[in-house]
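Start at 1 with the first residue, then count along the sequence.
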Amino acid sequence: MTAKVPKRKLTWGVAAAALLCCCAIALNFGQAVREVSASTVPNPKGVKSNQDRVEYLSAYGWQVSQEPIATQELLIPEEMDDSYSEYLALQAEQGFQLEKYAGKRVKRYTYEVLNYPSGEAGVQANLLICKNTVVGGEVLSPRLDGFLHGLTMP
């Protein structure tokens, strides 16, 4: 069996196939870059200004309000009972050792998350900062049936 295909149609077919291959490669490369950047944790040191805090959260993929919706000074308890175990475990999973800051004052900056994957409104991101270093953080929904998880985007 033989088929006779005009050169013009063959050229267009090859060009279309090449274009599709290039698009597929570009999309896969973009996905690989996003996965690599998602797996890298931003440097928690040197977070001095509001812009630094917004950029820190942005490194996790979060789009947040440009100004914090709340700022509070907190005292980390010197002795933490069992009621803190889940929260300390959450922080430890992210590489934060909150126990090291027992008895110290930290500032908690709360930002509104604008791009939560489920589309839920009112989600907040908290950063705990001691001497220009992020020492803890979480993303949460303040609703009654809300959630709490680390800074990594689900």
Side-chain angles (χ1 to χ4, degrees), residues 15-154:
L19 181 62
L20 285 173
C21 287
C22 288
C23 288
I25 290 170
L27 289 173
N28 283 335
F29 179 74
Q31 180 68 25
V33 169
R34 280 190 294 276
E35 287 174 4
V36 168
S37 65
S39 67
T40 59
V41 177
N43 186 358
K45 296 185 181 206
V47 181
K48 300 175 185 175
S49 68
N50 182 60
Q51 186 62 33
D52 292 339
R53 293 187 297 271
V54 170
E55 288 174 4
Y56 185 85
L57 291 167
S58 177
Y60 282 100
W62 300 114
Q63 294 173 3
V64 296
S65 54
Q66 288 301 303
E67 295 294 326
I69 56 175
T71 302
Q72 294 178 305
E73 189 168 312
L74 306 172
L75 178 64
I76 305 293
E78 287 198 33
E79 292 185 27
M80 297 181 214
D81 59 21
D82 290 342
S83 65
Y84 287 93
S85 61
E86 283 186 44
Y87 187 73
L88 291 172
L90 172 69
Q91 299 306 322
E93 287 173 13
Q94 302 179 91
F96 298 123
Q97 297 175 339
L98 204 53
E99 298 93 341
K100 287 175 44 177
Y101 297 91
K104 296 192 178 181
R105 293 194 178 279
V106 298
K107 280 203 173 181
R108 180 175 66 192
Y109 297 92
T110 303
Y111 291 86
E112 181 181 6
V113 173
L114 306 173
N115 67 331
Y116 198 76
S118 70
E120 182 177 336
V123 175
Q124 300 173 354
N126 289 322
L127 290 179
L128 299 175
I129 299 192
C130 182
K131 297 182 181 177
N132 302 326
T133 300
V134 178
V135 298
E138 66 271 348
V139 174
L140 62 98
S141 170
R143 295 183 352 182
L144 190 57
D145 61 341
F147 55 82
L148 174 76
H149 62 74
L151 293 170
T152 303
M153 190 175 287

Minimum heavy-atom separation for [X] and [Y], please, with both atom names.
X	Y	answer
G150	L90	N-CD1, 3.4 Å
P77	A102	O-CB, 3.4 Å
N115	G61	ND2-O, 2.9 Å
E78	G103	CG-CA, 3.4 Å
P142	Q124	CG-NE2, 4.0 Å
P68	N50	CD-OD1, 3.3 Å

Calculate, to the nearest 0.5 Å, the distance between atoms [atom1] and [atom2] belonging to [X] and [Y] respectively.
X	Y	atom1	atom2	answer
L140	N126	CG	CG	5.5 Å
L148	E86	CG	CD	9.0 Å
L57	S65	CG	OG	9.0 Å
T110	L128	OG1	CG	9.0 Å
T152	E138	OG1	CD	12.5 Å

Quick one: side chain to side chain donor-acceptor pair (under 3.5 Å) partners of S49, sequence neighbours excluded? D52
Criterion side chain to side chain contact (heavy atoms under 4.5 Å, CB included) on V139 and L151, from CA distance to verdict: CA-CA 6 Å; V139 174; L151 293 170; 4.2 Å; yes
Name all pairs fulfilling the salt bridge (Lys or Arg N to Asp or Glu O under 4.0 Å) condition that reach into [range], sequence neighbours left out, sorted by first residue then second.
range	answer
residues 63-72	none
residues 92-116	E73-R105
residues 117-136	E120-R143

Residue pairs, two or more places apart or on separate chains, that pass ring-ring contact (aromatic ring centres under 6.0 Å, His included) and touch residues 65-108: none
With sequence neighbours left out, which residue pairs that include part of residues 107-154 fulfil the ring-ring contact (aromatic ring centres under 6.0 Å, His included) condition? W62-Y116, Y116-F147, Y116-H149, F147-H149
Quick one: does L114's side chain get under 4.5 Å of V64's, heavy atoms only? no
Would you say the side chain of V134 lies within less than 4.5 Å of the side chain of I129, judging by non-hydrogen atoms? yes
Atom CG of D82 with >12 non-hydrogen neighbours under 6.0 angstrom: no
